[in-house]
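Sequence positions, counted from 1, serve as the residue numbers for this chain. Note that ligands are numbered from 1 as they come in the structure, with each ligand's atoms numbered from 1 the same way.
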Amino acid sequence: RSSAPDNHLETKAMTTLFVSDLHLASARPAQLALFQQFVARVAQRRARALYILGDLVDAWLGDDDDGSPPNREIIAALASLRAAGVELHVGHGNRDFLYGPRFVAATGARLLSDYAVIDLYGTTTLLTHGDLLCTRDVKYQRFRRVVRHPLTRHAFLATPLAWRQRIAQRTRSGTVASMRRKDDAIMDVEESSVAAIMARYQARLLIHGHTHRPAIHDYADGRRRIVLGDWYERDGVLVCDDAGQRALRVSDYLHLPAVQA
Ligand code: MN
């Protein structure tokens, strides 16, 4: 990039966007349509970057699952960002942690690790899906370690897709039942874990999803934690630029005047 005088203005108008927990599925066509509109708008406005912090889809059973609806449509939408020059970063959620090289090649996405640190307009910012911070849920953390183990992953991906689809169907009903049994506090992040991980990465800002409890938490020491909204009840997008962070409904983002977008 050159340091031409008008370059600064151009950069200033650019935004970085965060979404998570869209849980796109063929059973919810309205959300898929909203997502397609959203991505088209992001491309049109040439945002600097879009970060998807996990649970983009309800289940990603491996990159060979890219033909089943709505995965094909999602890949096409994401791929359009590359043509517009928008950086795309995709993190793994607890529902979609099996993105691999074929997904990356098809979409142009960069995959985020469990914890990623970025410089967000001068603020050291930590990004994560959020499930790792729910440390009170000991059973889930144990389950997570097993399913995320490279050997488990390798063995799972080696099975026929139809078999994986049956397993996913069964796991989904199991998760819903177990979530009903768990009490409310266990499903949220643990503040001591938040403080520890932010200290480890020297982050002033933490952005995550997963808990479906959208909020902006400002701590006494100046740190901030932003919880992204899911797209089940209230779709949301976090719009960041060098003036700060704004949590918006997607419909509001779609209609923002160009100068603020
Ligand atoms: Mn999640």
Side-chain angles (χ1 to χ4, degrees), residues 17-28 31-32 34-35 38 50-62 65 70-71 74 78 88-100 103 109 111-116 126-149 152-153 156 164 167-191 193-194 197 206-217 225-238 247 250:
L17 307 163
F18 297 86
V19 294
S20 81
D21 302 280
L22 294 79
H23 293 277
L24 300 179
S26 43
R28 286 193 304 280
Q31 268 93 346
L32 177 65
L34 186 66
F35 176 71
F38 170 69
L50 171 63
Y51 287 83
I52 301 173
L53 298 187
D55 288 352
L56 167 64
V57 294
D58 238 358
W60 187 267
L61 304 173
D65 193 18
N71 298 351
I74 292 167
L78 293 177
L88 172 66
H89 302 265
V90 176
H92 296 291
N94 49 301
R95 303 295 199 88
D96 58 352
F97 54 88
L98 290 172
Y99 295 122
F103 173 80
L111 295 181
L112 296 165
S113 43
D114 281 345
Y115 289 111
L126 180 63
L127 310 176
T128 193
H129 177 57
D131 56 332
L132 274 173
L133 299 171
C134 298
T135 39
R136 281 193 213 90
D137 196 346
V138 177
K139 262 178 87 174
Y140 169 74
Q141 297 301 335
R142 202 180 302 135
F143 167 79
R144 189 187 191 279
R145 278 193 297 275
V146 173
V147 297
R148 300 293 183 97
H149 194 283
T152 317
R153 184 189 161 105
F156 184 72
R164 275 175 272 151
I167 294 286
Q169 192 55 48
R170 220 171 298 163
T171 314
R172 192 148 38 232
S173 8
T175 309
V176 173
S178 104
M179 276 170 70
R180 280 204 203 99
R181 283 195 306 271
K182 277 177 190 170
D183 78 78
D184 214 44
I186 229 177
M187 304 294 292
D188 204 355
V189 301
E190 194 166 19
E191 288 294 351
S193 301
V194 168
I197 203 74
L206 168 65
I207 303 175
H208 71 84
H210 180 68
T211 60
H212 298 205
R213 298 169 197 216
I216 297 182
H217 301 275
R225 173 166 71 92
I226 300 179
V227 189
L228 301 170
D230 62 90
W231 284 33
Y232 277 122
E233 305 275 324
R234 272 179 68 91
D235 52 81
V237 54
L238 183 71
V250 174

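Among the backbone and side-chain atoms of Asn94, an N, O or S atom lies under 2.8 Å from the Mn ion (ligand 1). The Mn ion (ligand 1) has Asp55 among its coordinating residues (N/O/S atom, backbone or side chain, under 2.8 Å).
At distances below 3.5 Å, at least one donor-acceptor pair connects side-chain atoms of Asp235 with backbone N or O atoms of Val250. Checking side-chain atoms of His23 against main-chain N and O of Val57 turns up no donor-acceptor pair under 3.5 Å.
Closest N/O/S atom of His210 to the Mn ion (ligand 1): ND1.
Salt bridge annotation for Arg95-Asp58: present, with a cationic side-chain nitrogen under 4.0 angstrom from a carboxylate oxygen.
In plain terms, the two heavy atoms of Gly236 and Trp231 that are nearest each other are O-NE1, 3.0 Å.
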